[in-house]
Amino acid sequence: MTQLQSLRGMVDLLPEHTSRWQAVESVARDHFRRAGLQEIRTPLLELTELFARGIGEATDVVGKEMYTFVDRGDRSCTLRPEGTASVVRAALQHGLLSQGPQRFWYGGPMFRYERPQAGRQRQFHQIGVEYLGVGSPRSDAEVIVLAWALLVDLGVQGLVLEINSLGTLQDRKKYREELVAWLEARSDQLDDDSRKRLHTNPLRILDSKNPAIRELLQDAPTLFEALSVESKGRFEEVQVHLETLQIPSQLNPRLVRGLDYYGHTAFEITSDQLGAQATVCGGGRYDGLVEQLGGPPTPAFGWALGMERLMLLLEAAASINPDGSAARVMASTRPDLYVVNRGEQAERVALVIAHQLRAAGLVVELDSSGAAFNKQFKRAGRSRATWALVIGDDEAERGEGRLKYLQEATTQANPTPIDQLHRLDDVTGLVRLVRE
RNA sequence: GCGGGCGUCGCCAAGUGGUUAAGGCAGCGGCUUGUGGCGCCGCUAUUCGGGGGUUCGAAUCCCCUCGCUCGCCCCA
């Protein structure tokens, strides 16, 4: 293949998709605004150490999925694989945490060096929320409902909210020992993968998709049983708040999540319409991270939502229900007016009137090809504009344009009546007419 | 990193060893230099992801390579 191509897993967003993305982003921004969140934008590139310390050396993300290189100043740099570590770093760096609780949202590209497949790319996009400095069980529910409400508002169907509690560090340490002991006694029944994890990251074995392992795990001790009374109580409180908010949730005791910084509440919002990559949104509590990165002990909670996966769900929802809100979000804008013009004087006038109508707020497409009228009409039809404004030299001479309504099909039997003339200097009148 | 499937025009796609590489959509031009969606006519791949080999002859067989895709792993 001699033709230059984008890198594997790096995807172009073409115009038919960018309009949908903008629509989704604007709905999200509005939700965040009403929740009192502020946007934060951090660099795409950070010191490798930030992610190594924040996410955890033993995790897959850090161990094998990062885009890392050494820059000209001999620093090890990494393209961000997720947003949370950077947000915490920025809050710390600028002393934001000493000003009380901080509520952020962010969005943008993330990078993970993985084999692409359905719902998984090397450069992908997330929008996310981080609540820093708030530790109540109530805030867990408040932040989760933000994600849930956004998805519901966008018209996504068939979502499941799965939640679990990972307890405290001590809870996990205690459980880890129990689990390792239990699994070691049955190590002959483990697959290679699980055996490898036994000592690096045993909790992740719980998440295995291997049916044999799942079967075996049926009788394993669960994390929930190992939780302290306080941790259990806290988690129950979160569940009560979710119920009060009428968010249906399912306890998933195997839900562990792959980033080291999570503790207590962890959750995922999944759909059965995403193939193997079922999670559209995931997050949880990460009370230890701020300290881990050199800050004061600070409770925190957040989530990230995958834009590409969300778009997949929106497409599915729109095709099932063409009148629903998902379909509305997917619809692209069409021009109000297409200016058909030909002739020296007419073309000059058309340029000016197009400019004036745009200034007045209409979506106007100007044909500047100088092609024959029938060509221009053909393009006007294809542009899906509501109206055509026709200006030839006759009209230009009189300072008028012909308005033609394009939304009704012409047939042989019903040739379109020729429309109406309208003064070109009456811009507000034109705008009113087009807007109806 | 490991498996499976696939690669013929911008898109969909026929062709499975004999030579002129169907067809549809889209695009462009014309019928139509003043009125679109319908119709009719014409044009658009010396070439089948790339390289090498077998053969008198290859899009069709073999080898290598690149890419896409789905799954494992992991996660958004």
Side-chain angles (χ1 to χ4, degrees), chain A residues 1-9 11 14 55 59-66 81-84 107-128 147 191-194 196-197 201 204 207-210 255-259 268-271 274-283 302-313 338 340-343 346 367 370-385 387-395 402-419:
Chain A
M1 183 54 70
T2 52
Q3 174 63 247
L4 248 29
Q5 286 187 48
S6 62
L7 255 16
R8 161 174 286 189
V11 176
L14 273 12
I55 300 170
T59 62
D60 282 16
V61 169
V62 171
K64 53 185 203 194
E65 294 172 3
M66 295 204 302
E82 57 105 50
T84 304
M110 306 292 164
F111 303 84
R112 259 117 94 163
Y113 194 92
E114 298 179 90
R115 200 73 183 269
Q117 67 185 74
R120 193 172 83 185
Q121 296 168 192
R122 288 185 171 180
Q123 176 177 337
F124 62 103
H125 301 260
Q126 292 185 331
I127 54 180
D191 57 10
D192 288 349
D193 212 56
S194 301
K196 220 175 293 165
R197 289 223 183 91
N201 207 344
R204 292 222 53 89
D207 228 3
S208 175
K209 281 182 192 162
N210 183 336
L255 178 64
V256 178
R257 305 201 49 79
L259 279 40
E268 285 182 6
I269 299 175
T270 61
S271 164
L274 283 174
Q277 311 300 325
T279 305
V280 64
C281 178
W303 50 255
L305 186 152
M307 281 293 287
E308 284 81 0
R309 292 183 189 174
L310 173 56
M311 298 318 294
L312 255 26
L313 291 177
Y338 189 98
V340 171
N341 59 107
R342 185 163 158 83
D367 194 311
F373 275 104
N374 70 329
K375 291 276 167 256
Q376 295 197 40
F377 275 106
K378 219 167 249 183
R379 288 192 203 111
R382 225 181 299 131
S383 80
R384 298 164 67 242
W387 293 88
L389 176 64
V390 186
I391 306 173
D393 278 335
D394 300 352
E395 288 89 348
R402 286 181 189 280
L403 268 176
K404 174 178 171 159
Y405 190 59
L406 292 176
Q407 294 304 303
E408 277 158 21
T410 28
T411 60
Q412 228 80 346
N414 172 32
T416 311
I418 293 189
D419 13 63

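The sequence lines fix the lettering, A, B, ..., with proteins before strands; numbering per chain opens at 1.
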Does [X] place a side-chain N or O at less than 4.0 Å from the phosphate oxygens OP1/OP2 of [N]?
X	N	answer
K375(A)	G30(B)	yes
R120(A)	A76(B)	no
R382(A)	C28(B)	yes
Q117(A)	C70(B)	no
R379(A)	G37(B)	no

request  = Would you state whether a donor and an acceptor, one from the side chain of K378(A) and one from the base of G37(B), lie under 3.5 Å apart?
outcome  =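 Checked by distance alone, the answer is no.
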ask   = Less than 3.5 Å between a donor and an acceptor, one on the side chain of R204(A) and one on the base of C73(B), is that the case here?
value =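 Side chain to base: no pair below 3.5 Å.
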Pick the [atom1] atom in [N] and in [M], then give their distance to the nearest Å.
N	M	atom1	result
A14(B)	U60(B)	C1'	13 Å
C41(B)	U69(B)	C1'	41 Å
A45(B)	G3(B)	P	40 Å
A26(B)	G10(B)	C1'	8 Å
C68(B)	G39(B)	P	39 Å

query = Quick one: CD on E308(A) to CZ on R120(A), what's the gap to the nearest 0.5 Å?
reply =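 Reported value, rounded in 0.5 Å steps: 13.0 Å.
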Base, sugar-phosphate or nothing for [X]? Non-hydrogen atoms, less than 4.0 Å.
X	answer
E395(A)	base
N374(A)	base
V280(A)	sugar-phosphate
G119(A)	base
A118(A)	sugar-phosphate
R257(A)	sugar-phosphate

In whole angstrom, what separates [X]'s [atom1] from [N]'s [atom2]?
X	N	atom1	atom2	result
R8(A)	U69(B)	CZ	C1'	10 Å
Q5(A)	G10(B)	CD	P	13 Å
I391(A)	G34(B)	CD1	C1'	14 Å
K64(A)	C72(B)	NZ	C1'	10 Å

Measure from the side-chain heavy atoms of [X] and tell me the nearest of [options].
X	options	answer
V390(A)	G1(B), G34(B), C68(B)	G34(B)
R309(A)	C75(B), U33(B), U69(B)	C75(B)
F377(A)	G36(B), A76(B), C73(B)	G36(B)

